[in-house]
Amino acid sequence: MVRVMKIKFSDNFLFGTATAAHQIEGDNKWNDWWYYEQVGKLPYKSGKACNHWELYRDDIELMAELGYNAYRFSIEWSRIFPEEGRFNEEAFNRYREIIELLLEKGITPSVTLHHFTSPLWFMKKGGFAKDENLKYWEQYVDKAADLLKGVKLVATFNEPMVYVMMGYLTAYWPPFIKSPFKAFKVASNLLKAHALAYEALHGKFNVGIVKNIPIMLPASESERDKKAAEKADFLFNWSFLDAIWSGIYRGAFKSYRVPESDADFLGINYYTASEIRHSWNPLKFFFDAKTAEIGERKTQMGWSVYPEGIYKAIEAMSRYQRPMYITENGIATLDDEWRVEFIIQHLQYVHKAVGDGYDVNGYFYWSLMDNYEWREGFDPRFGLIEMDYETFERRPRRSAHVYGEIARRKEIKEELVKKYGLRSL
Ligand code: GBH
């Protein structure tokens with residue numbers, strides 16, 4: 001007998017959406033990405049992106065109308081400090097206004113301090129590869145402390161290991177460096193930067209960090225592949241987080257001492273599962289991590305969809321015994337029905353996790369609207385809201401409304417449960 005369970009979340013569960021500054025604001029001219037876009041080292045230019053820097057009021061209005069009660073976005077360090085030592089008050093005030101508007105509308109703000117981009121001047125000095133540059137990060141954090149009043153969740157870094165892997169191992173992203181030595185050094189300095197920010201902001205704010213958790217599945221049943229998957233899982237998913245509490249960061253080749261620190265919450269970004277095959281090169285999986293062969297269809301990103309992975313990510317993350325949030329989960333597709341199905345299937349597993357006692361307090365769909373998907377440009381459509389990049393018209397898709405209804409009722413109606421063939425969990 002198939003029992004259709006009523007899916008009901010608690011009243012204070014956050015149902016939000018997520019974005020990042022460089023992907024939506026437009027004219028983000030002072031960071032490293034912008035620079036490399038102009039000199040032709042990146043295939044697409046972000047340009048005006050979604051023109052959110054001008055249309056932020058409309059966007060906040062829209063999310064309120066749609067019924068979302070939370071919003072995760074990032075503030076752009078390079079707007080606040082476009083040059084070394086030059087503070088831009090206008091940008092600061094704009095972010096302040098965004099926070100105020102959200103609060104007015106009853107939308108819980110969640111802010112990320114670093115979402116992949118850094119000021120160009122900072123990167124020219126060597127960025128996070130140089131210990132002495134952490135003083136610049138401290139200056140930024142200091143200003144952020146004045147900015148963030150009323151913000152519920154402050155994340156120091158978005159996906160630190162993605163930043164390390166893409167920028168310093170595969171060199172697909174700025175600063176296009178291929179150096180395992182530097183990569184793990186940068187990771188250890190991101191841990192130091194997290195600790196500094198935690199120290200400065202904790203007490204006034206809930207300070208946490210956001211980690212992408214791909215589920216590492218062995219490519220075969222062989223012992224070697226299983227070991228490889230465990231190794232990849234450790235190196236990519238856990239060694240960084242372990243170090244926050246242990247003070248020892250175990251990189252691929254050596255260990256680094258970092259300050260013992262803490263996190264008041266942990267953000268999980270979950271998209272897909274990777275297939276890991278044994279190799280004698282311990283870093284190989286970083287270079288050719290492939291999406292696992294699951295399901296019949298791939299998203300526009302070439303990823304397979306694996307909803308139970310979100311449960312596994314929560315289960316694994318619970319080892320740190322901190323409140324958790326799904327800070328990103330989403331699908332790039334032109335098939336909006338598939339998006340609805342994706343959201344419901346993932347929420348079903350989040351709901352199961354809550355029922356099983358895991359401390360998950362919110363879910364943020366990536367993304368509020370179609371946006372600049374880094375190296376992949378504007379083709380992947382992750383948005384609940386469709387973006388017309390010519391006119392900047394925002395057109396909520398059906399999924400935007402369905403998700404809004406779920407957010408408002410804190411419940412997935414039986415009719416949807418049946419329609420999308422959800423299993424009884
Ligand atoms: C998140 O990253 C990001 O936080 C967000 O900014 C992004 O828009 C969202 O996901 C959707 O992608 O060049 O073939 O190696 C998720 C993890 C890791 C996904 C790097 C893209 C690059 C693919 N990302 N990956 S490839």
Side-chain angles (χ1 to χ4, degrees), residues 16-25 28 31-33 36 41-44 46 49-50 52 72-76 110-118 155-174 176 178 183 190 209-216 232 236-237 240 267-276 283-292 298-306 309-310 313 325-333 339 342 346 364-385 387:
T17 60
T19 62
H22 192 70
Q23 295 179 265
I24 62 166
E25 287 178 351
N28 238 314
N31 70 32
D32 49 348
W33 270 78
Y36 288 113
K41 287 270 280 176
L42 286 162
Y44 300 91
S46 57
C50 306
H52 172 78
R72 170 176 179 248
F73 64 104
S74 76
I75 58 175
E76 176 68 41
S110 162
V111 168
T112 309
L113 299 179
H114 188 276
H115 195 123
F116 299 150
T117 52
S118 307
T156 53
F157 288 94
N158 178 68
E159 304 187 346
M161 287 309 290
V162 168
Y163 179 76
V164 167
M165 170 173 104
M166 301 303 286
Y168 295 88
L169 280 174
T170 65
Y172 286 153
W173 286 7
F176 304 103
K178 229 181 212 192
L190 295 182
I209 191 157
V210 169
K211 185 75 187 61
N212 177 32
I213 308 289
I215 302 302
M216 305 293 190
F236 188 84
N237 286 337
F240 187 93
I268 299 172
N269 291 357
Y270 174 73
Y271 289 91
T272 188
S274 296
E275 198 171 272
I276 308 297
L283 296 183
K284 191 158 191 303
F285 78 89
F286 277 114
F287 296 96
D288 52 29
K290 277 216 234 41
T291 195
K298 297 264 166 46
T299 74
Q300 283 181 306
M301 297 296 282
W303 301 342
S304 42
V305 173
Y306 181 54
I310 203 167
Y325 293 84
I326 302 301
T327 35
E328 285 181 32
N329 173 237
I331 180 170
T333 179
R339 190 181 333 276
F342 179 98
H346 285 77
F364 295 79
Y365 178 80
W366 182 275
S367 179
L368 173 67
M369 51 196 167
D370 295 337
N371 60 45
Y372 177 71
E373 178 55 30
W374 308 110
R375 255 200 101 89
E376 278 71 37
F378 292 103
D379 281 346
R381 300 283 180 153
F382 275 98
L384 293 167
I385 298 171
M387 185 63 45

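Along the sequence shown, the residues carry numbers beginning at 1. Start at 1 and go down the list; that is how both ligands and their atoms are numbered. These numbers were taken from a predicted model, which means no experiment stands behind them.
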Identify the heavy atoms of [X] and [Y] that sit nearest to each other, and give their distance.
X	Y	result
F240	I209	CE2-CD1, 3.7 Å
L169	F287	O-CE2, 3.1 Å
A155	V210	CB-CG2, 3.8 Å
R381	D370	NH1-OD2, 2.7 Å

Would you say [X] and ligand 1 have an N/O pair spaced under 3.5 Å apart?
X	result
W374	yes
E159	yes
E328	yes
N371	no

Test log, rule side-chain hydrogen bond (donor to acceptor under 3.5 Å, both in side chains), inputs N158 and H114 = CA-CA 6 Å; N158 178 68; H114 188 276; over 6 Å; no
Evaluate the 4.0 Å heavy atom contact test for atom 15 (O) of ligand 1: does a protein atom fall under the cut-off?
->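 So far as the 4.0 Å threshold goes, atom 15 (O) of ligand 1 is in reach of a protein heavy atom.
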Qualifying residue for side chain to side chain contact (heavy atoms under 4.5 Å, CB included) with E159, from I213, N212, V164 =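 The side chain to side chain contact (heavy atoms under 4.5 Å, CB included) with E159 is passed solely by N212 among I213, N212, V164.
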What protein heavy atom is closest to [atom], reported as residue, atom name and distance in Å?
atom	result
atom 22 (C) of ligand 1	M166 CE, 3.5 Å
atom 18 (C) of ligand 1	V162 CG1, 3.5 Å
atom 9 (C) of ligand 1	Y271 OH, 3.3 Å

W173 and ring-ring contact (aromatic ring centres under 6.0 Å, His included): which partner among Y36, Y168, W33?
->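 With W173 as partner, Y36, Y168, W33 yield a single ring-ring contact (aromatic ring centres under 6.0 Å, His included), made by W33.
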For [X], counting its heavy atoms only, list the atoms of ligand 1 lying under 4.0 Å from any of them.
X	result
N212	17 (C)
N158	4 (O)
Y172	13 (O), 15 (O)
H115	3 (C), 4 (O), 5 (C), 6 (O)

Heavy atom under 4.0 Å from ligand 1: found in E373's side chain, backbone, both, or neither?
->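 For E373, the contact with ligand 1 is made by the side chain alone.
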Could you tell me whether ligand 1 has any atom less than 4.0 Å away from a heavy atom of M165?
->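 Per 4.0 Å heavy-atom rule, M165 does not contact ligand 1.
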Say whether W303 and ligand 1 are in contact under the criterion: heavy-atom distance to a ligand atom below 4.0 Å.
->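 The answer is yes: ligand 1 sits under 4.0 Å from a heavy atom of W303.
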Compute the ring centroids of H22 and F116, then answer whether they are less than 6.0 Å apart.
->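 No, too far apart.
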K211 NZ/CZ over F236 ring centroid, <6.0 Å and within 45° of normal |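 Verdict for F236: a cation-pi partner in K211.
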